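Predicted, not measured: the structure shown is a model, and the values here were computed from it.
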Number of protein chains: 6
Amino acid sequence: MRPKNRKADQIRPIKITRKYTKYAEGSVLIELGNTKVLCNATIEERVPKFLKGQSQGWITAEYGMLPRATNLRNIREAIKGGQTGRSIEIQRLIARSLRATVDLKQLGEYTIILDCDVIQADGGTRTAAISGAHVALTDALNMISVKEKFKKNPIKSMVAAISVGIVNGNTICDLEYSEDSIAETDMNIVMMDNGKIIEIQGTAESKPFSHEELISLLYLAKNGLQIIFSAQKQSLKT
Amino acid sequence: MRPKNRKADQIRPIKITRKYTKYAEGSVLIELGNTKVLCNATIEERVPKFLKGQSQGWITAEYGMLPRATNLRNIREAIKGGQTGRSIEIQRLIARSLRATVDLKQLGEYTIILDCDVIQADGGTRTAAISGAHVALTDALNMISVKEKFKKNPIKSMVAAISVGIVNGNTICDLEYSEDSIAETDMNIVMMDNGKIIEIQGTAESKPFSHEELISLLYLAKNGLQIIFSAQKQSLKT
Amino acid sequence: MRPKNRKADQIRPIKITRKYTKYAEGSVLIELGNTKVLCNATIEERVPKFLKGQSQGWITAEYGMLPRATNLRNIREAIKGGQTGRSIEIQRLIARSLRATVDLKQLGEYTIILDCDVIQADGGTRTAAISGAHVALTDALNMISVKEKFKKNPIKSMVAAISVGIVNGNTICDLEYSEDSIAETDMNIVMMDNGKIIEIQGTAESKPFSHEELISLLYLAKNGLQIIFSAQKQSLKT
Amino acid sequence: MRPKNRKADQIRPIKITRKYTKYAEGSVLIELGNTKVLCNATIEERVPKFLKGQSQGWITAEYGMLPRATNLRNIREAIKGGQTGRSIEIQRLIARSLRATVDLKQLGEYTIILDCDVIQADGGTRTAAISGAHVALTDALNMISVKEKFKKNPIKSMVAAISVGIVNGNTICDLEYSEDSIAETDMNIVMMDNGKIIEIQGTAESKPFSHEELISLLYLAKNGLQIIFSAQKQSLKT
Amino acid sequence: MRPKNRKADQIRPIKITRKYTKYAEGSVLIELGNTKVLCNATIEERVPKFLKGQSQGWITAEYGMLPRATNLRNIREAIKGGQTGRSIEIQRLIARSLRATVDLKQLGEYTIILDCDVIQADGGTRTAAISGAHVALTDALNMISVKEKFKKNPIKSMVAAISVGIVNGNTICDLEYSEDSIAETDMNIVMMDNGKIIEIQGTAESKPFSHEELISLLYLAKNGLQIIFSAQKQSLKT
Amino acid sequence: MRPKNRKADQIRPIKITRKYTKYAEGSVLIELGNTKVLCNATIEERVPKFLKGQSQGWITAEYGMLPRATNLRNIREAIKGGQTGRSIEIQRLIARSLRATVDLKQLGEYTIILDCDVIQADGGTRTAAISGAHVALTDALNMISVKEKFKKNPIKSMVAAISVGIVNGNTICDLEYSEDSIAETDMNIVMMDNGKIIEIQGTAESKPFSHEELISLLYLAKNGLQIIFSAQKQSLKT
């Protein structure tokens with residue numbers, strides 16, 4: 001039995017708010033149950049050194065968590081003197097996922113930075129960040145397109161992400177923190193809306209998983225992601 | 001003429017939302033015009049080393065700004081490898097201001113940490129943080145009082161803060177960013193609700209100020225703070 | 001056509017040398033083609049703080065690369081002032097993979113540190129590190145077992161890892177650097193010798209992959225890992 | 001009763017020694033009782049990035065304290081890995097105070113760095129640093145003026161600073177350490193010799209202060225600063 | 001009596017392996033008894049800032065030790081956040097020693113970096129590093145000379161180093177760790193093959209030494225270094 | 001011809017001022033020509049971790065240079081984020097030199113820290129620091145001895161240091177900066193007053209030196225050190 005009687009394949013209520021803050025070129029608050037992540041997109045008219053003169057753009061991401069986003073307060077990374085290994089891992093994942101869906105040549109010499117800051121954390125912050133960042137990125141690219149008159153939209157596909165896992169032997173979709181902390185297997189899947197996979201990261205925290213379980217988790221993810229793609233599309237219409 | 005036709009002594013619309021996030025013992029979003037600061041209070045059952053065995057508590061604060069809280073993106077402090085001088089200065093001010101209004105002996109061996117994170121910045125973030133943190137601190141102390149059955153409330157007084165300044169030769173109250181960036185004098189005043197001063201920090205950015213101007217700024221501040229004390233009281237009632 | 005006419009499912013020549021250095025409790029040089037990783041296991045009679053008094057052990061890992069392990073020299077991490085995000089990611093993966101195969105209660109209050117240092121890098125250093133570290137860990141645990149007379153061997157299973165990927169549309173096993181750098185998909189798989197999966201990390205660098213391709217990569221990995229498990233067993237016999 | 005029978009409005013003996021070291025363009029040892037601060041001015045023919053091409057100069061400051069300047073030894077900041085929040089706050093104050101009295105346009109593309117290093121500390125180091133740095137800066141600017149033949153002296157006004165405070169309910173001037181450590185209110189005031197205020201920083205360490213007390217502290221400061229301005233003028237004559 | 005019946009003037013078995021790794025322009029493993037140091041030379045077509053436009057080259061060095069090179073594991077410098085004072089001292093010594101034997105004008109605008117990484121440590125790692133680095137440097141310079149057609153070989157002389165010391169009142173050559181850790185005096189000598197001294201560093205750990213002892217140590221060093229120069233020459237022939 | 005017509009074996013005027021600052025247990029300003037180093041000794045009633053429970057003491061040292069001690073301003077180490085390799089090397093040398101002359105068992109569980117801060121630098125700062133620190137250490141030990149009633153003075157011997165070198169082919173004593181910067185060989189020698197050597201560090205900056213030159217430098221050092229031992233003795237008498 002899951003908290004609040006959720007079914008194994010049921011994701012938490014999702015809410016996507018665009019233009020959440022005033023200054024960013026794209027600003028999205030994504031809420032997935034009690035998980036709330038603010039995704040701000042910034043456009044900069046420059047590219048990193050290693051891309052200079054190649055007339056293509058770049059997408060990067062930074063991830064942070066407010067100290068009291070969680071039940072126990074975390075030490076502020078700025079005071080610790082640097083990001084944790086976990087933050088670095090997550091922001092690399094977010095950036096890779098978004099880059100996979102953008103035609104960087106089409107983008108031209110711009111860098112888009114996605115700042116994903118967790119206001120409140122109840123599991124699934126990295127996947128929510130990817131799903132929210134896609135919407136913020138879309139808004140930022142629309143802003144550039146006005147100026148650049150792109151022949152072709154640089155976004156090749158939608159992208160969203162979800163966590164799935166095995167808890168007490170059951171495969172379930174969209175784990176909240178109380179489930180995540182006791183999961184035997186924890187898996188994050190990033191997909192395009194055509195069902196193709198961009199990234200899969202599965203970890204057996206305490207018990208290895210079989211091929212069959214992997215297949216089953218993939219189907220749960222694909223299913224749950226339909227709801228998220230709908231929410232993204234709905235939000236981008238308004 | 002001030003933006004939006006504000007009068008010299010008029011403060012921006014203020015909104016204080018309690019229980020803004022779910023986990024912190026006190027969680028307040030304070031909005032002053034376009035400035036938005038999230039103030040989370042955390043209770044920890046420990047005291048810093050230098051207070052061990054003195055049966056008294058401690059109040060501390062940390063200040064941060066989301067990278068895209070402002071019009072131009074700031075480098076994330078966690079990536080820079082530490083807090084800026086500005087952040088350190090501000091969090092020391094917030095902590096001193098709150099400590100001045102709490103009876104630390106009465107509090108007992110608890111540490112309260114106030115995390116003040118700026119979601120959106122349009123001038124006056126440090127003073128908004130103090131005013132918001134007071135409400136979050138009050139909520140956290142009420143939570144402790146249930147357990148500790150304080151004989152006397154450890155909060156000795158309300159505290160709030162406001163910025164005043166001289167722009168184009170005129171003394172004005174509650175500067176927004178466009179005013180702050182051209183001010184001749186910029187002053188932050190932290191006061192108790194009985195009108196006594198806890199902290200005064202006045203800087204002549206480009207033109208020194210006279211005794212008379214200082215007196216005039218103090219009156220503007222005292223006046224403006226009445227509105228903020230009212231908003232705090234109103235919010236704590238509900 | 002792969003370099004040196006390798007077949008799609010063929011792994012590079014593997015060589016595992018035990019007791020490579022003199023002082024470590026387990027010391028293994030693993031060579032996979034031109035990739036050479038030194039895996040040293042250290043036994044310490046202590047546990048990390050968060051495990052104090054729980055009568056169980058811990059396994060951790062650190063990963064490094066000599067500056068000139070690669071064709072272009074890398075800046076020394078000690079001079080940069082800290083590990084790169086990549087190193088941190090990899091050592092977390094190595095440690096998780098090894099912990100999944102050890103009964104930490106059985107181990108008792110010991111910490112085993114696996115230092116995986118890359119002497120020469122030609123792709124697949126993280127997976128080679130896992131496969132080599134398993135042998136070094138086994139040697140270290142055998143050394144403890146002499147003293148502790150374990151009722152049951154703390155190692156629950158063998159573990160090895162391999163990279164697979166999609167290059168020019170073909171699924172291949174054990175990518176060397178020249179393949180890895182142009183792969184459409186890059187996947188690392190950590191498995192037990194019973195075929196169960198401990199970790200899967202797949203990234204579509206440039207082109208997303210389908211369910212069918214994922215299944216195909218899993219079979220290639222399972223197949224290739226048989227050779228590595230054999231090499232580990234052979235080496236542990238001598 | 002103050003130590004050594006000082007009266008409430010009496011400042012400690014002041015001594016200003018110019019050309020204290022041999023290499024700096026301005027080098028001043030200022031002694032205020034037992035407080036001794038070495039202020040060295042360095043001229044550099046460059047401006048910070050944000051001022052490039054604006055044909056104006058810049059004044060900056062750095063503050064440090066020798067580890068054994070005080071009764072209890074402080075950890076060396078170079079070993080701690082960075083400056084403390086206190087040092088950063090103080091050097092920002094020194095720099096702001098000096099910049100307020102210099103016509104940066106007149107100065108031209110030079111940066112003057114004021115290194116204020118405390119040899120011995122007995123309260124009031126930051127205010128002594130400002131008063132001493134003004135003299136060192138004047139010497140450095142005179143050195144530039146020889147070369148540049150300024151039409152107008154870039155120094156618009158003299159500047160000095162003093163601490164005032166409330167101890168045991170009495171307002172006093174120029175606190176030494178034994179007074180500062182028990183003060184109810186501690187205030188630093190930076191003034192021009194025409195009586196205009198450049199900076200005011202007042203903190204109620206334990207008891208808030210009233211408007212009347214603030215006015216009284218301002219008069220004490222103005223009065224005490226006359227002695228310091230005299231000492232500066234006297235020293236610059238020789 | 002020395003371990004393994006070594007005589008006072010006898011150095012440990014030495015082995016120099018060139019082309020130890022595949023990518024570096026010079027790659028040498030030097031073994032002196034149980035001490036094993038990998039010396040990799042990297043050629044970079046640039047010079048440090050302070051040499052720009054002076055048409056001369058530069059030689060620099062970096063020293064590291066694998067965490068488990070020694071009997072007790074050392075904390076990894078990359079995790080500690082920087083190199084230890086000992087590492088910095090050693091790499092400065094290595095670089096100075098090599099620079100003294102190269103005509104930097106002749107070299108032209110190249111920088112050669114010598115990475116000296118200790119795989120296993122049993123005393124004398126810094127002197128072994130110098131002796132090994134000389135061979136790696138020679139290989140790297142030969143590689144450049146093919147391209148640059150040097151009129152004159154930039155290497156002016158061979159260089160090697162050895163440790164000598166006083167243990168239990170006896171002067172001995174090439175101390176291993178068990179001797180080094182109880183030595184009264186520990187001395188490192190860097191020499192050219194013509195007997196001239198490049199660097200001498202002698203420390204009385206527990207008992208000062210006399211002029212006579214210093215002379216005696218110098219002769220032991222000169223003698224022992226003959227074997228090392230032979231090994232270098234032999235290795236460079238093959 | 002040396003500056004100011006100094007003879008090859010002549011040291012600069014030396015002046016040692018005790019009780020230079022007020023708070024340190026030993027406080028010495030040593031001046032050697034234009035080189036001025038402040039050496040403060042601090043007594044702490046604790047020992048480092050590795051000496052706990054061994055009923056012996058410890059001597060340590062820290063070295064720093066004020067940013068404008070030299071002709072060109074150096075970046076402040078506290079701002080750079082750590083000490084330079086040079087500073088670390090020097091403070092290790094100072095501490096080793098002093099420890100070699102103190103009976104640490106006799107001292108008991110105290111740590112003496114020598115802070116050597118260079119106020120003005122004209123060559124020879126490290127050797128001046130050693131000579132000055134010896135006097136400050138003696139004062140601090142005398143202060144402890146009052147309390148501990150040492151049976152035997154923990155200081156076993158006097159210690160002083162001097163630089164010698166080869167400039168334009170001539171061996172000279174006590175190099176000032178203009179000589180040091182062009183020296184072919186630069187050597188620092190630390191000696192006891194009985195002529196025994198504690199440390200010798202000789203570096204051929206541009207031209208290797210012979211045995212004969214080494215002997216000659218040793219005699220110059222021994223000679224020059226007589227003046228310094230006299231100055232130390234004289235100063236300790238008063």
Heavy-atom distance under 4.5 Å between the side chains of [X] and [Y], does that happen here?
{"X": "B/L66", "Y": "A/L66", "result": "yes"}
{"X": "B/I113", "Y": "A/P67", "result": "no"}
{"X": "A/I119", "Y": "B/L38", "result": "yes"}

Straight-line distance of A/T70 OG1 to B/K22 NZ, nearest 0.5 Å | 13.0 Å
What distance separates B/L72 CG from A/E44 CD, expressed to the nearest 0.5 Å?
-> 9.0 Å
Tell me, side chain or backbone of A/D117 under 4.5 Å from chain B's heavy atoms, or both, or neither?
-> side chain
Which answer fits A/D115, side chain, backbone, both or neither, if we ask what part of it has an atom under 4.5 Å from a heavy atom of chain B?
-> both
Are more than 12 heavy atoms from other residues, nucleotides or ligands located less than 6.0 Å from atom NZ of A/K105?
-> yes
Neighbour count >12 (heavy atoms, 6.0 Å) for atom NZ, A/K156 | yes
Quick one: of A/K36, A/E77, A/K80, A/Q120, who has the most non-hydrogen atom pairs under 4.5 Å with chain B?
-> A/Q120
Which members of residues 51-65 of chain A, sorted by number, sit under 4.5 angstrom from chain B on a heavy-atom basis?
-> A/E62, A/Y63, A/G64
Please flag which part of B/S87 lies under 4.5 Å from any non-hydrogen atom of chain A: side chain, backbone, both or neither.
-> neither
Under 3.5 Å, side chain of A/R68 to main-chain N/O of B/Y23, donor-acceptor pair present?
-> yes
